[in-house]
Amino acid sequence: MPLHETIDGAPPAVSLPFTNLMEYAPRDIESKWQRWWKDQRTYQVQNDTSKPKFYILNMFPYPSGAGLHVGHPLGYIASDIVARYKRLKGFNVLNPMGYDSFGLPAEQYAIQTGIHPADSTEQNIRRYREQLDNIGFCFDWEREVRTSDPAFYHWTQWIFMRLFEHYFDLEAGKALRIKDLIARFGENGNKDVRAVCDEDTPQFTAAEWQQMSEKEQQQLLLKYRLTFPEESYVNWCPAMGTVLSNDEVKDGVSERGGYPVERKLMKQWSMRITAYADRLLDGLNDIDWPDSIKEQQRNWIGRSQGASVRFSVDGHPDASIDVFTTRVDTIYGATFMVLAPEHALVSRITTNAQRAEVDAYVRWAASRSEIERMSEVKKVTGANTGAFAINPFTGEKIPVYIADYVLASYGTGAVMAVPSGDQRDWNFATHFNLPIVPILDAQQNLDQAADPTKEGRYINSGMIDGLTYDEAVPKLIDWLETQGLGKGKVQYKLRNAVFSRQRYWGEPVPVYWKDDVPCLIDEKDLPLVLPKVDKYLPTETGEPPLARAEGWRYFPEPGGSGYEYELSTMPGWAGSSWYFYRYMDPHNDKAFCSPEAVNYWQTVDWYIGGSEHAVGHLLYSRFWNHFLFDLGLVPEREYAKKLTNQGMIQGLSSIAFRAKECFYEEYLWIKVLQPFFKEYGPMQIPGSRLEESYTYDFAFETNDLVIEVVSWKQTDKIETIRQAAEADSKRLMILFMEELIDQINNPGHFAGKIREALESRARFFMTEKGPASEILFVSHNLTAKYSPSCFSELHVDISLVDNNVLDLEKARQLPMFQRANFKVDASGHFTCNQEVEKMSKSKFNVVNPDDMVAQYGADCFRMYEMFLGPIEVAKPWDTKGITGVYSFLRRFWGLFVGENNTWLPTDEAPDRDELRILHNCIKKVTEDIERFSMNTCVSHFMILTNELRTLKSSKRAILEPAVVMLAPFAPHIAEELWHRLGHESSVCDAAWPVLNPEHLKADTVTYPVQINGKLRGDIEVAADAKPADVEALVLQQDFVLRNLDGKPVRKVIVVPGRIVNIVV
RNA sequence: GCCCGGGUGGUGGAAUGGUAGACACGCAGGACUUAAAAUCCUGUGACCGUUGAGGUCGUACGGGUUCGAGUCCCGUCCCGGGCACCA
């Protein structure tokens, strides 16, 4: 054993007695066993089919340059504990880790520095790995995956190719091969094909299909493929030079960086996720995921049941407007129609008289950014096309408007407006003076607002007059369907997912362009590796960075000039949509995962990660999995049966208060001038106006003295004031702000000066000596006396603060505190305010796990992370509390190693108390791990340790099972003690102790006794006493009789083993 | 506005409808020490009373169900998150 060092790294003190050599020394233990585990390959996982499998998975991280803070490993630690626990329970456990290593930050860094993203990513990964290794995880690193590794993205591209080769068949309810679709087109055209396809897919016969050119056929097939290029309005982010998917845009700006986002028409690869909308929705019922995630996914998919209705357009026999409505029952109240400005019919049906107005509105609407549109939701805008639509039920003509409250991208981009029932329609009708017709007798106050009620019976509603909602809807839909004018319909909010990014650092799309038709490259040419480029920026002509790659062209056959590759890359969510299968078989170069491996590991049993991926990664990965399932490549529709979100660990920020100008005035008034007021009479309070151009800060009227607070630097201002004071025939005292700062802890200094000024007749007072300080910080416990607006709040690095007290020595060395002075409290301390905030560099509240491990050891760090509270809940990190866990580990160690390095455990048989303590712990810890309650597990270990110490008990029969139970939480100390107990193999391969309920039983039971639900005392009875005996005994107790006070007992409730309640 | 969570000591948090505050931090007092740190012991929801009794209140607020409610039901308030011209 190496010599003991104190935990903070100081050299061992000479005076330390020899006995301390064997104190708990996490540093030595941890590095020793980490090495041993590596040498023994303790964590290597076999695809061993003889044991039951357990697959636990963490969402893999993006390796950012900032490294890990203490919040990141929370989920990893929890899953590590479960993984080790399951292994002790006899499972073959897969607990892998890897990196989501494509991403924008590395590319931005490349643009700035020219360093290839692969290099900076490699470096970041190395740092992550070091930090992870420090914590003692049981990851099998031989299974590590990286999405940016060509051997990995080979299979991302392969899956993309399969998507391209499939369409979604509505009859089969699953993806089928395009090949088979082509065959069907050749036989019957597409008349009988029920498949998910573009809205504008034409109908054609077999003959028409056969007459089409190859190119025409290919372009038609794109309307069916599950991934396809299309011209569409996308979220274009000019600042990032790329498009973003809907989930990457929040409140009209990019989620990362907060840059503005525009609508732009572009040709983009798209994923037909809408085909799976229903299955993705239904699948949510079969998985044990947090309700909030499921709810967000349901919202995002946004299924609504309604009807589509066809309105003809007056004077345009060839045009009709389809609308989607969820309230077809309100159709008799439809008094106008509104189209989205982008609607295809707008220019066709607009009358000449209205054309100028409509064109102007369309142009205006197109020019508006998302953020403008969203922030001006309340403003009613629109234009009348002059055209009229005909209500199919009434034959009435209703005007057609355009307005951008109707979204082109939802439904058909047109609505029938029912102002009596819909508030937006009501607003529009009121603004444009359109009729509002009540349709239900229960509608109220229609002159104030719309009333969307479904109560009552219909009025003004033709065929449904007098009916209720439930009667009306089927009748209307029936009529529409028999007339061929509409049908019941389901509409989704979910859009197809944009799959192209105009960026470099992503998977190349395995496609080349031949005569404007996208073609897949040959499978043997996978992976299509990212080419080298000279710069990571778009070309001068605005093409993506890949256009810079010289000679990067595809040659399907030798010779020729080749074809251009697709130049956009895949988005961040491509690799993460299937990576969980790669861990099962990470080195396979024949398939993304062998059938044997996937049959053994099946799916993820427990998935752990942050809730921020609710609709991004977690929805797209379900989509890809459903697709892979359709192809028979994976065994289940849903890849993760159970999902847990770990809560954020927040930081405790320290805030220092910097004085603003008005502070000095308030300070002078409160601390210095008030006594003078009594003595020297009336005085203007701050802010009084003495003459037009000037406001003196303070003025003693009786002495003609004015006081002005200015900065040393404001020489001009000093001169102006001086002249003004002359003119006003005031005596002037200049107090320099900087002097106030210098002398802030000495208010007497100013009192003296002011007294001097008041009592003299001199015209002008000013300090001669230059001040030393320029900035003032005020101790937080003093700020309450001043108005909050006197301070700006500044984050201070938490390493400078202890117990809210700032270390002034250290602080003064920082640039932010140079030329600063501190106003300290009565005890000479400068205190900061504490705030709970997200942990981030910019808030200077980041706690690095490396520091925690260096100071307390990995075992302690792991246990403290767990001890903080439930995994799922957000909670602040407070380093102070870690000492509790550290002293627990020392005390646990102390059960084994005594003074003078004596080995304490004996082979004596344990007594009943000791067995009860152990088995109580077995019961609690086993139950709590199963329900993922790690914080209470740590408490149970503390209780066991405290109780054994009280008994001064150290028996192998008790301690050995305790070591095994502790191993998942604190693997290093457990491994050390396990070996000292005489074992040769790893504690990881021990067996989880088995609960014997016999040991939990006691001879006697203490019943708390309540009278009318109020606790009055307790009583000890034999454990096997019958309820009747307990009742009899209880009623004899002194404290019971005293409390009953002679009142008759109505009933006695005895809950066996629990409680007694006497009702009087 | 709609939909999810959640409100328990000074702090983090415990509590299958059955003794509210486990376990820790912090704080206070004590022991050890020349001293400090570390360590160990004791106390610690509030209030009244005792100074070896005991009592009252208490889990955001107001009701209800129950022998018994932090826990279940109804209503209100507050905090966090998500969605939001989605027809």
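Predicted model only: the values in this text are computed from it and were never measured. In what follows, chains are A, B, ... by sequence order, proteins preceding strands, each numbered from 1.
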N/O (side chain, [X]) to phosphate O (OP1/OP2, [N]) under 4.0 Å:
{"X": "A/Asn946", "N": "B/A24", "result": "yes"}
{"X": "A/Ser304", "N": "B/A87", "result": "yes"}
{"X": "A/Asn427", "N": "B/C85", "result": "no"}

Say you pick atom [atom1] in [N] and the same atom in [M]; how far apart are they, in whole Å?
{"N": "B/A46", "M": "B/U59", "atom1": "C1'", "result": "14 Å"}
{"N": "B/A15", "M": "B/G45", "atom1": "C1'", "result": "16 Å"}
{"N": "B/U19", "M": "B/C32", "atom1": "C1'", "result": "37 Å"}
{"N": "B/G63", "M": "B/G55", "atom1": "C1'", "result": "28 Å"}
{"N": "B/G17", "M": "B/C3", "atom1": "P", "result": "27 Å"}

- Message: Just confirming the chi classification of B/G9, syn or anti, using 90° around 0 as the syn window.
- Response: syn
- Item | Working for side chain to side chain donor-acceptor pair (under 3.5 Å), residues A/Asp928 and A/Thr936 | CA-CA 7 Å; A/Asp928 287 356; A/Thr936 49; 2.8 Å; yes
- Message: Quick check: do A/Trp364 and A/Thr381 have side-chain heavy atoms less than 4.5 Å from each other?
- Response: yes
Need one value for [X]: base, sugar-phosphate or nothing, where a base atom within 4.0 Å counts as base even if backbone is also close, heavy atoms only.
{"X": "A/Lys875", "value": "sugar-phosphate"}
{"X": "A/Arg1042", "value": "nothing"}
{"X": "A/Ser409", "value": "nothing"}
{"X": "A/Arg1016", "value": "sugar-phosphate"}
{"X": "A/Val338", "value": "nothing"}
{"X": "A/Ile943", "value": "sugar-phosphate"}
{"X": "A/Lys294", "value": "nothing"}
{"X": "A/Pro290", "value": "nothing"}
{"X": "A/Leu868", "value": "sugar-phosphate"}

Closest to side chain of [X], choosing from [options]:
{"X": "A/Asn935", "options": "B/G13, B/C25, B/A87", "value": "B/G13"}
{"X": "A/Lys1014", "options": "B/G12, B/A87, B/C57", "value": "B/C57"}
{"X": "A/Arg931", "options": "B/A15, B/G13, B/C57", "value": "B/A15"}
{"X": "A/Thr326", "options": "B/C67, B/A87, B/G13", "value": "B/A87"}
{"X": "A/Val873", "options": "B/A24, B/G5, B/G13", "value": "B/G13"}
{"X": "A/Ser887", "options": "B/U39, B/A87, B/C67", "value": "B/U39"}
{"X": "A/Thr883", "options": "B/C67, B/G82, B/G26", "value": "B/G26"}
{"X": "A/Val415", "options": "B/C4, B/A87, B/U19", "value": "B/A87"}

- Contact list for RNA chain B against residues 1055-1062 of chain A - heavy-atom distance below 4.0 Å: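 Hits under 4.0 Å, by residue number: A/Val1055, A/Arg1058, A/Ile1059, A/Asn1061.
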Once you round it to whole Å, what is the distance between [atom2] of [N] and [atom1] of [X]?
{"X": "A/Gln296", "N": "B/C2", "atom1": "CD", "atom2": "C1'", "result": "14 Å"}
{"X": "A/Trp877", "N": "B/U11", "atom1": "CH2", "atom2": "C1'", "result": "15 Å"}
{"X": "A/Asp928", "N": "B/A22", "atom1": "CG", "atom2": "P", "result": "17 Å"}
{"X": "A/Gln855", "N": "B/A37", "atom1": "CD", "atom2": "C1'", "result": "14 Å"}
{"X": "A/Tyr1007", "N": "B/C67", "atom1": "OH", "atom2": "P", "result": "20 Å"}

- Task: Decide yes or no on salt bridge (charged side-chain N to carboxylate O under 4.0 Å, His left out) for A/Glu927 and A/Arg931, but give the supporting numbers first.
- Result: CA-CA 6 Å; A/Glu927 283 171 3; A/Arg931 66 187 179 102; 5.9 Å; no
- Message: On RNA chain B, compare the nucleotides closest to A/Glu295 and A/Phe324; which residue's is nearer the 5' end?
- Response: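 Here A/Glu295 is the residue nearer the 5' end.
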- By nearest-nucleotide position on RNA chain B, the 5'-leaning member of A/Asp422 and A/Arg891 is A/Arg891
- Would A/Ile301 and A/Lys493 satisfy side-chain contact (heavy atoms from CB on, under 4.5 Å), going step by step from the backbone distance to the final call? CA-CA 6 Å; A/Ile301 296 167; A/Lys493 228 160 76 176; over 6 Å; no
- For RNA chain B, stems built from three or more consecutive Watson-Crick or G-U wobble pairs below 3.5 Å: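 Stems for RNA chain B, defined as runs of 3 or more consecutive pairs: B:1-7 with B:77-83, B:10-12 with B:23-25, B:26-31 with B:39-44, B:45-48 with B:54-57, B:60-64 with B:72-76.
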- Item | Verdict with reasoning, A/Phe428 to A/Phe336, per ring-ring contact (aromatic ring centres under 6.0 Å, His included) | CA-CA 10 Å; A/Phe428 196 83; A/Phe336 56 99; 5.6 Å; yes
